[in-house]
Amino acid sequence: MYNIAIIGTGYVGLVTGTSLADFGMNVTCVDNNAEKIDMLNSGKIPIYEPALDDLVERNVYYKRLTFTTNIKKAVEESEVIFIAVGTPPQEDGSADLHYVMDVAKDIATYMNGYKVIVDKSTVPVGTGQKVKKTVQNILVGRGVDYEFDVVSNPEFLREGSAIYDFTHPDRIVLGVESEKAEDIMKDVYRVLNLNEVPFVVTNIETAEMIKYASNAFLAMKISYINELANLCEKVGADVHHVAKAMGMDGRISPKFLHPGPGYGGSCFPKDTEALVKIGQQFKSPVTLIEQTIKTNENQKQLMVEKVREAMGELKDKTLGILGITFKPNTDDMREAPSLIILNELVKDGAKLQIYDPQGQKEGQWRFKDISNHMTFCEDEYEAIGNTDALIILTEWNQFRNLNLDRIKDSMNGNYFFDLRNIYQREMIEKKGFKYYCVGR
Ligand code: NAD
């Protein structure tokens, strides 16, 4: 059994570390954000991810999981070191690798013997080799000659179901350059290996590419169904039936065929941008993904147009906003469609009453520039009260079964924008609302 260090205790690092601890490993989660580590050490979870709190508590109790800011000690005491820091987009769309490279330098500085350095962050092809070179250079500078391996092990979990995804993956991708590293990684994932999760073992470059290829494909699928939804609206077709019938074709699959206000989150927007950048850099453009990005930007604007067209002048209109996170079951608002849509509505002079079950804290700082035009409410009914329209932006379960009589009575207007298609037109119109959705 190996001691494992996870450097970067965010959505991916914390879930990876906690799940591996639950598989019986000794795991140290490291972060340079002392506030985050203090929170975790006092039993609080800095992010919202269903069921994560119980899993953290259990593994801390059994002393398999610890949290620290001391990267030196964690590196010295671990054989396997995961890099799980952020790789946010830079101005030009390419991935910012400085967090990954900082960690690589730290690992090299504190290495005291053989280590497997596992890159779990999503990184452009070639990063594994850069990490290798950086570590080698520092070891030479230190006058030491420790053996090490670099592995690419991209992560495919989804926020909101991260623990399930981590513990029940469709595949584990391992980009390796030595049998020793492959064997160690298979040992780290022994529980999943025993559960017959398929392992795809490749070289490092291929593993790095698999992650971008997968995410960009899913983003493209969403943009495709969004464009079809827009077309369905024009021709009188119902995109739900179109998507359902398409999905019955095993070659297509029903997943990621849900129309809406555009994809967001910490992965698809930045990973599509990064893949486009890599294509440009190697003069092998990925034009489908270039278009996917444009389509997605346009989709958010079209949602604003939908509201404008239906309601006319928005000045002094009050809009009830249900959901601001990029999807349900997370507090993450990175690249959420709400960021564009709400700013546009406020520009038109609308006042917003907002409720999100987990996104209010992040929403308050993300929308600080337009905070005079919005109120954060206690629940969905308060957000809807006395408004001219309600707009569902995120499909939290609790928004799927609203008391329609109650909200109709409490509203001044009767516009109902269901941008996640969670209601049936007939049901809403019967209550006297004007119903707008995406593609039906
Ligand atoms: P995050 O921003 O939630 O977490 C990153 C953490 O790394 C932060 O807590 C930060 O303080 C810490 N950090 C930064 N520099 C550090 C350093 N030098 N030493 C120690 N800690 C440091 O990011 P995330 O969402 O967990 O994403 C991490 C990576 O995983 C990204 O490359 C992302 O693309 C990829 N990924 C994310 C998801 C997801 O759903 N969030 C899914 C799959 C892959």
Side-chain angles (χ1 to χ4, degrees), residues 5-19 28-40 45-50 52 67-75 78 81-90 94-110 117-124 127-128 131 134 152-166 169-170 172-173 207-208 210-216 218-219 263-275 325-336 362:
I6 313 275
I7 320 289
T9 308
Y11 286 87
V12 167
L14 183 55
V15 169
T16 301
T18 309
S19 303
T28 307
C29 283
V30 183
D31 207 285
N32 59 2
N33 180 338
E35 204 184 321
K36 206 174 248 193
I37 294 299
D38 285 347
M39 267 182 96
L40 285 159
I45 308 293
I47 55 170
Y48 175 74
E49 182 59 47
L52 184 57
F67 303 102
T68 182
T69 53
N70 189 342
I71 188 167
K72 177 173 186 287
K73 189 161 177 279
V75 168
S78 307
I81 304 164
F82 282 84
I83 304 178
V85 294
T87 45
Q90 307 189 92
S94 61
D96 181 351
L97 288 180
H98 92 268
Y99 300 100
V100 171
M101 298 317 293
D102 282 354
V103 174
K105 287 177 200 157
D106 281 346
I107 295 172
T109 306
Y110 303 128
I117 302 169
V118 187
D119 180 31
K120 197 164 249 321
S121 298
T122 303
V123 293
T127 305
V131 166
T134 302
S152 167
N153 171 220
E155 181 51 55
F156 299 93
L157 64 77
R158 294 162 301 173
E159 286 172 23
S161 49
I163 293 164
Y164 181 85
D165 289 350
F166 189 89
D170 292 326
I172 296 280
V173 174
E208 290 169 339
I210 288 170
K211 173 65 188 174
Y212 280 119
S214 306
N215 267 7
L218 294 175
Y263 61 75
S266 69
C267 289
F268 288 179
K270 84 172 171 57
D271 294 350
T272 46
E273 294 272 1
L275 182 60
T325 52
F326 84 93
K327 67 170 177 182
N329 298 325
T330 182
D331 55 354
D332 198 344
M333 281 188 63
R334 286 178 280 185
E335 301 290 334
E362 189 165 338

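When a ligand or atom number is given, it counts from 1 through the structure's own listing order.
Using a 4.0 Å cut-off between heavy atoms, Ile7 contacts ligand 1 through its side chain alone, with no backbone atom that close. Here Ala84 has backbone heavy atoms under 4.0 Å from ligand 1, and that is the only part of it that gets that close. If you look at Ser266 next to ligand 1, the close heavy atoms, those under 4.0 Å, all belong to the side chain. Contacts between Arg334 and ligand 1, counted as non-hydrogen atom pairs separated by less than 4.0 Å, involve the side chain only. Residue-level proximity to ligand 1 for Asp31 is carried by backbone and side chain together, each with a heavy atom below 4.0 angstrom.
Listed by number with element, the atoms of ligand 1 under 4.0 Å from a non-hydrogen atom of Leu157 are 40 (O), 42 (C). Listed by number with element, the atoms of ligand 1 under 4.0 angstrom from any heavy atom of Gly86 are 5 (C). For ligand 1, the atoms lying closer than 4.0 Å to a non-hydrogen atom of Glu155 are 43 (C), 44 (C). Distances below 4.0 Å separate heavy atoms of Lys270 from the following atoms of ligand 1: 33 (C), 34 (O). In the vicinity of Lys36, heavy-atom distances shorter than 4.0 Å reach the ligand 1 atoms 8 (C), 9 (O). When each atom of ligand 1 is checked for a heavy atom of Tyr99 under 4.0 Å away, the hits are 14 (C), 15 (N). Distances below 4.0 Å separate heavy atoms of Val103 from the following atoms of ligand 1: 17 (C), 18 (N).
Among all protein heavy atoms, the one lying closest to atom 35 (C) of ligand 1 is Thr122 OG1, 3.4 Å. Counting only heavy atoms of the protein, atom 29 (C) of ligand 1 lies nearest to Val85 O, 3.3 Å. For atom 4 (O) of ligand 1, the nearest non-hydrogen atom of the protein is Gly10 CA, 3.2 Å. At the shortest separation from atom 21 (N) of ligand 1 among protein heavy atoms lies Asn32 N, 3.3 Å. Among protein heavy atoms, the minimum distance from atom 7 (O) of ligand 1 is reached at Gly8 CA, 3.4 Å. Atom 39 (C) of ligand 1 has its closest protein heavy atom at Glu159 OE2, 3.4 Å. Atom 37 (C) of ligand 1 has Val12 CG2, 3.2 Å as its closest protein atom, hydrogens excluded (heavy atom only).
Side-chain atoms of Ser78 do not come within 3.5 Å of backbone N or O of Val75 as any donor-acceptor pair. Between the side chain of Glu208 and the main chain of Gly128, a donor-acceptor pair closer than 3.5 Å is present. Looking at Glu159, its side chain never comes within 3.5 Å of a backbone N or O of Thr330 through a donor-acceptor pair. No donor-acceptor pair under 3.5 Å is formed between the side chain of Thr87 and the backbone N or O of Asp96.
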- Determine, step by step, whether Lys73 and Thr28 satisfy the side-chain contact (heavy atoms from CB on, under 4.5 Å) criterion, reporting the C-alpha distance in whole Å, the side-chain angles of both residues, the deciding distance to 0.1 Å, and the verdict. CA-CA 10 Å; Lys73 189 161 177 279; Thr28 307; over 6 Å; no

- Message: The test is side-chain contact (heavy atoms from CB on, under 4.5 Å); show your working for Phe156 and Ile210 and say whether it passes.
- Response: CA-CA 10 Å; Phe156 299 93; Ile210 288 170; 4.0 Å; yes

- Intermediate values then yes/no, side-chain contact (heavy atoms from CB on, under 4.5 Å), Leu40 and Ile45: CA-CA 6 Å; Leu40 285 159; Ile45 308 293; 4.3 Å; yes

- Task: Go through the steps to decide whether Lys327 and Arg158 satisfy the test side-chain contact (heavy atoms from CB on, under 4.5 Å), and finish with yes or no.
- Result: CA-CA 10 Å; Lys327 67 170 177 182; Arg158 294 162 301 173; 3.5 Å; yes

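Of the polar atoms of Asp102, none of the N or O atoms is found under 3.5 Å from an N or O of ligand 1, judged by distance alone. Polar contact with ligand 1: absent for Asn33 (N/O pair, distance under 3.5 Å). When only interatomic distances are considered, the shortest N/O to N/O separation between Asp271 and ligand 1 does not fall below 3.5 Å. Residue-to-ligand polar distances place Thr87 within reach of ligand 1: an N/O pair is separated by less than 3.5 Å.
Between the CG atom in Leu52 and the CD1 atom in Ile163 there is a gap of 4.5 Å [rounded to 0.5 Å]. Residue Glu49 holds its CD atom at 10.5 Å from OG1 of Thr18, rounded to the nearest 0.5 Å. In this structure, Ile71 CD1 and Tyr110 OH are separated by 7.5 Å, a value rounded to the nearest 0.5 Å.
When Thr134, Asp102, Val131, Ile83 are each tested for a side-chain contact (heavy atoms from CB on, under 4.5 Å) with Ile107, only one passes: Ile83. Considering Ile37, Ile7, Thr68, Thr9 as possible partners of Cys29, the one that fulfils the side-chain contact (heavy atoms from CB on, under 4.5 Å) test is Thr9. Shown are Asn153, Val103, Ile117; of these, the side-chain contact (heavy atoms from CB on, under 4.5 Å) with Phe82 is made only by Asn153.
Residue Arg158 places no heavy atom under 4.0 Å from ligand 1.
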